[in-house]
Structures are given as C-alpha cells and as structure tokens.
Amino acid sequence: MLFHKKIDEISEKDINNIVGNEVFEDKYLEYKSEYNHSDKIKFKLIKTVCGFANSDGGLLIYGITEDENHTPSEVTGGVKLDSSFDNEVNWIESIVSSNSEPSISNIEIRQIEIKESDRIILIIKVPKSWNLPHRVVQGKPNKKSESKREFFVRRQSKTVPLEIDELKNLFSFAGDVHDKIHLFRDNQIAKVVSDNVFICTDSQIALLIDLIPFNSFNNVEFDIRETKDQVPTFGQGDSRYGEYNFEGVISKSMIHYSQIYRNGIIEGLVSSNRFLKVPLKEFFEYTLNFINDSIKLYEKINFSPPFAIFISLINIENRNLETLFFDKEAISDRNVLPGHEIMIEKYLSKNEIAFKLKTVFDSFYNHFGIENSPFYDEEGNWKKK
C-alpha cells in the first residue's frame with residue numbers, strides 16, 4: 001500500500017502506477033487536480049488532513065484527476081507553485097497547524113518533479129493521530145451561517161462529519177491511550193524501586209528511559225527479528241547485539257540494559273554502585289545517545305510516531321549532585337524524580353532531540369537548587385562538545 005511507504009520513497013513511477021492501475025480513492029488516498037491558496041482549496045485541505053488524522057492516516061495527492069467513481073483518470077500535468085517549494089511547505093504547515101484543534105503539526109510534504117515540466121505532484125502524508133479528536137477551526141467558504149468548528153473522519157473514499165457516538169468514542173480512546181502510557185511508566189518505576197528488573201539495582205542511583213509509541217497499545221506487534229542486531233546503545237556499553245527474551249529483545253551488562261518490547265516500546269536502565277552522587281552530566285549524554293539511537297531504529301523499521309518519552313531518576317533520596325559546574329551541595333528529598341512527558345511527533349535529528357530534553361534536565365537541576373542545566377547556551381541551543 002502506497003500510504004505505508006516512506007514519503008521520500010514515493011516516486012513518479014508510483015504516481016503513474018496509480019493512474020495506470022486505476023487505484024481507487026479509499027480510506028487512505030485522496031486525489032486533487034487543483035491546488036492554490038484560495039479559501040475553498042484551503043478549507044478542503046484542512047478538512048481532509050483532520051479526517052485522515054482522526055482515522056488511520058492517509059495521503060493527499062495534488063495533481064491527479066479522478067472520475068465520478070473516484071478512479072484516477074490522468075496525471076493532470078501536476079500543480080504549479082507560486083513560490084518556492086520550501087515556502088509552500090511553510091504555508092501548508094502553518095495553515096494546517098493554525099486551523100486544526102488540537103493542532104496537527106506532524107504532517108510530511110513532498111514534491112515529485114514531472115520531467116520536462118515546471119509542474120510538480122504535491123504529496124501530503126498525514127499520520128494517524130493519538131491526540132484525538134481534531135476539528136477544523138476555519139470557517140467554510142461562502143457558508144457563514146454554518147459552524148466554524150467541525151470534526152471530520154475518513155469513511156471509505158470520503159471525508160465526512162463525525163457522528164456524535166463516533167466523537168464520544170474518539171475522546172474516550174484518546175484518554176485510554178494516555179492513561180495506559182502513564183501507567184506503564186509508573187509500573188516500570190515501581191519495578192526499579194523494588195529491584196524487580198533485568199539487572200540488580202540494589203537501591204543504587206538509577207536512570208530509567210522509556211520510549212513508548214502510542215501505537216503500542218493498539219494490538220501492534222512488530223517483527224523483533226528486525227531489531228535483534230540493532231538494539232540502541234545505553235550506558236557505557238557499546239553492544240548493539242541483543243538476545244531474545246520473553247518480552248522481546250534485550251542487550252544487557254552488569255550495570256545497564258536496553259529492552260525492546262514486542263509492542264515497540266524501548267526501555268533503557270543504568271544503575272551502578274559507582275554513582276555515589278547523581279551524575280546528571282553523564283546521564284544527559286546517556287539519554288541523548290539512547291533516544292537518538294532508538295528513534296533511528298524506529299525510522300529504519302518504519303514504526304511511526306508519535307512517541308512519548310519519559311526520563312526518571314530513581315533511588316536518589318539523600319543524594320547530592322555530582323557536578324563540576326556548581327558549588328551547591330543540595331540534597332535530594334525525594335527518592336524518585338519522574339520527568340514530565342516528552343512528546344515526539346516526527347522523527348528527529350540529534351540536535352532536535354537535545355532541544356526536547358532541555359526542560360526535563362532543567363527541572364532535574366532545579367531540584368538540586370540550580371537555575372538550569374549547563375548543556376545549553378543562553379538561547380537554549382545545545383552546546384555540543
């Protein structure tokens with residue numbers, strides 16, 4: 001299915017095959033022959049994106065004409081942009097983000113150049129959302145009396161308003177997913193505190209990281225054989241080779257482990273008796289590298305965002321901070337610091353991950369009486385080594 005391809009892998013041949021093989025519009029595919037910045041086109045764009053997000057995701061393809069049976073009849077010669085592609089991407093992202101509620105900000109956009117032409121095929125990929133439900137917050141063109149806030153869903157080849165019962169179900173489902181994510185994190189913290197994990201923690205200072213795809217609680221089980229030789233690095237170890245266990249695939253040493261669960265959750269823990277004080281500088285480096293490797297793995301095996309990330313400091317009561325930066329010797333009055341949830345809505349670069357980590361590590365340093373973490377400049381940019 002074309003929707004399940006990475007957007008960068010969709011080619012002109014794929015587009016021609018859509019027409020040649022008469023691939024019908026369906027729940028995942030929407031064709032449009034016309035593209036511009038008019039209110040009419042803008043509303044249909046936002047409506048379709050919200051419909052896909054409230055369903056299972058989909059592809060919106062501009063530059064293909066369809067007949068009355070929703071069968072693609074021809075590639076129209078594509079669409080001609082009034083500005084550069086980068087400017088067009090910024091416009092589309094801004095329009096979608098500012099006219100959807102909750103805001104949709106993780107769409108992907110690609111152009112396919114048509115040979116011997118100044119026109120392009122424009123593709124917008126919308127992932128399934130887990131922050132449900134989304135509604136359009138832009139008024140319908142020429143219909144001022146109608147509601148400016150409406151929920152849509154994808155049903156077969158059409159984008160239609162949600163029924164009341166469907167809307168209730170989406171609200172309920174979104175709450176259930178968030179509850180399950182936080183419950184998993186809380187249970188894992190409890191296991192570390194009680195020394196019921198894959199290594200012996202014995203009340204030693206520990207760093208726990210959980211990357212939880214929202215799709216993990218949708219009866220998903222991916223092929224763990226794809227991950228056995230690609231286990232993300234963690235702690236001081238450099239092993240990427242895992243072993244099968246009941247939960248999935250694990251790589252471990254005496255002081256750390258990396259576990260890939262069958263439903264896509266990736267977890268890392270490091271704990272050692274050499275941590276006499278809380279080594280936040282070392283933990284920041286561990287965290288950044290572990291999350292970076294994990295997201296690269298998700299991208300390689302095409303396991304889609306969004307992901308929730310939790311970073312927790314455990315067994316730190318009556319411990320102070322190991323630091324070369326500050327003179328303060330504040331003592332922790334808590335045994336567990338569960339960092340707030342970090343939401344990842346698209347595959348990120350290492351720099352982008354570092355930016356996401358700032359508020360969590362600032363809060364950890366705040367706990368020890370320090371204004372902020374030392375890994376960023378005054379503008380909040382990560383200071384690489």
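This structure is a prediction, so every number in the text was calculated from the model and none was measured.
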(request) Just do the side-chain hydrogen bond (donor to acceptor under 3.5 Å, both in side chains) check on His340 and Ser363 with the steps written out, would you? (result) CA-CA 9 Å; His340 68 259; Ser363 69; 4.9 Å; no
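- Side chains of Ser103 and Ser97: a donor-acceptor N/O pair is present below 3.5 angstrom, by distance only.
- Not counting sequence neighbours, Glu267 has no partner by the salt bridge (Lys or Arg N to Asp or Glu O under 4.0 Å) test.
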(request) Walk me through it: do Ser373 and Asp362 pass the test side-chain hydrogen bond (donor to acceptor under 3.5 Å, both in side chains)? (result) CA-CA 5 Å; Ser373 55; Asp362 279 352; 2.7 Å; yes
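- For Lys80, the side chain to side chain donor-acceptor pair (under 3.5 Å) criterion is met by Asp118, not counting sequence neighbours.
- Contact annotation: the side chain of Val231 never approaches that of Tyr257 to less than 4.5 Å [non-hydrogen atoms, C-beta and beyond].
- By the side chain to side chain donor-acceptor pair (under 3.5 Å) test, Ser83 pairs with Glu88, sequence neighbours left out.
- Ion pairing of Asp8 with Lys6 is absent here, as no side-chain N (NZ or NE/NH1/NH2) approaches a carboxylate O to less than 4.0 Å.
- Between the side chain of Lys128 and the backbone N or O of Ser55 there is at least one donor-acceptor pair closer than 3.5 Å.
- Looking at residues two or more places apart in sequence or on another chain, you find a ring pair (Phe, Tyr, Trp, His ring centres under 6.0 Å) between Tyr298 and Phe303, Phe307.
- A salt bridge links Glu285 to Lys281: at least one charged side-chain nitrogen sits closer than 4.0 Å to a carboxylate oxygen.
- Classification of Lys158 and Glu25 as a salt-bridged pair fails, no side-chain N sitting under 4.0 Å from a carboxylate O.
- Using modelled atom types and a 3.5 Å distance limit, the side chains of His256 and Ser271 yield no donor-acceptor pair.
- Proximity of a side-chain donor or acceptor of Ser38 to a complementary backbone N or O of Ile41 within less than 3.5 Å is detected.
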(message) Please evaluate residues Leu321 and Tyr365 with respect to the criterion side-chain contact (heavy atoms from CB on, under 4.5 Å), reporting the C-alpha separation (whole Å), side-chain torsions for both, the decisive distance (0.1 Å), and the verdict.
(response) CA-CA 9 Å; Leu321 185 64; Tyr365 274 91; 3.7 Å; yes
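- Put simply, the residue from Leu167, Leu132, Thr159 that forms a side chain to side chain contact (heavy atoms under 4.5 Å, CB included) with Asn54 is Leu132.
- Among residue pairs with one or both ends in residues 185-202, none qualify as salt bridge (charged side-chain N to carboxylate O under 4.0 Å, His left out); sequence neighbours excluded.
- Salt-bridge check for Glu282 with Arg274: passed, with a basic side-chain N closer than 4.0 Å to an acidic carboxylate O.
- Side-chain atoms of Gln230 do not come within 3.5 Å of backbone N or O of Thr227 as any donor-acceptor pair.
- The salt bridge (Lys or Arg N to Asp or Glu O under 4.0 Å) check on Lys168 picks up nothing, with sequence neighbours excluded.
- Phe361 pairs by the ring pair (Phe, Tyr, Trp, His ring centres under 6.0 Å) definition with Phe284, Phe364, not counting sequence neighbours.
- In this structure, Gln188 and Leu208 have side chains that are in contact, with non-hydrogen atoms separated by less than 4.5 Å.
- Under 4.0 Å is where a charged nitrogen must lie from a carboxylate oxygen, and between Arg135 and Glu101 at least one such pair does.
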List, one per line, each side-chain donor-acceptor pair under 3.5 Å for residues 175-183, sequence neighbours excluded.
from: His178; atom 1: ND1; to: Ala174; atom 2: O; distance (Å): 3.0
from: His182; atom 1: NE2; to: Glu341; atom 2: OE1; distance (Å): 2.9

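- Between the side chain of Asp229 and the main chain of Tyr241, no donor-acceptor pair closer than 3.5 Å is present.
- Atom CD of Glu9 is surrounded by more than 12 heavy atoms from other residues, nucleotides or ligands within 6.0 Å.
- For the residue pair Ser272 and Gln204, no side-chain donor N or O sits within less than 3.5 Å of a side-chain acceptor on the partner.
- Under a cut-off of 6.0 angstrom, the local environment of CD in Glu317 is crowded, with over 12 non-hydrogen atoms contributed by other residues, nucleotides or ligands.
- The backbone N or O of Leu29 lies less than 3.5 Å from a partner atom in the side chain of Arg154, making a donor-acceptor pair.
- Gly248 and Ile224 make their closest contact through O-CD1, 3.8 Å (heavy atoms, listed as atom of the first residue, atom of the second, distance).
- Partners of Phe52 by ring pair (Phe, Tyr, Trp, His ring centres under 6.0 Å), not counting sequence neighbours: none found.
- For the residue pair Ser11 / Asp14, a side-chain donor-acceptor distance below 3.5 Å is found, with atom types taken as modelled.
- Judged purely by atom type and a 3.5 angstrom limit, Lys125 uses its side chain to pair as donor or acceptor with the backbone of Lys5.
- By the neighbour-count criterion of 12 heavy atoms within 6.0 Å, atom NZ of Lys228 is densely surrounded, having more than that number from other residues, nucleotides or ligands.
- No more than 12 heavy atoms of other residues, nucleotides or ligands shown are found within 6.0 angstrom of NZ on Lys346.
- Asn292 contributes no side-chain N or O that, together with a main-chain N or O of Leu288, makes up a donor-acceptor pair within less than 3.5 Å.
- Sorted by first then second residue, the ring-ring contact (aromatic ring centres under 6.0 Å, His included) pairs that include residues 81-121, not counting sequence neighbours, are His37-Trp91.
- Between Ile311 and Phe283, every side-chain heavy-atom pair lies at or beyond the 4.5 Å cut-off.
- Applying the salt bridge (charged side-chain N to carboxylate O under 4.0 Å, His left out) test to every pair with at least one member in residues 286-313, sequence neighbours left out, gives these pairs: Arg240-Asp293.
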(request) Check the pair Asn87, Ser84 against side-chain hydrogen bond (donor to acceptor under 3.5 Å, both in side chains), reporting the backbone distance first and the verdict last. (result) CA-CA 5 Å; Asn87 287 342; Ser84 70; 3.2 Å; yes
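- Residue pairs meeting the ring-ring contact (aromatic ring centres under 6.0 Å, His included) criterion with at least one member in residues 2-25, sequence neighbours excluded, are Phe3-Tyr28.
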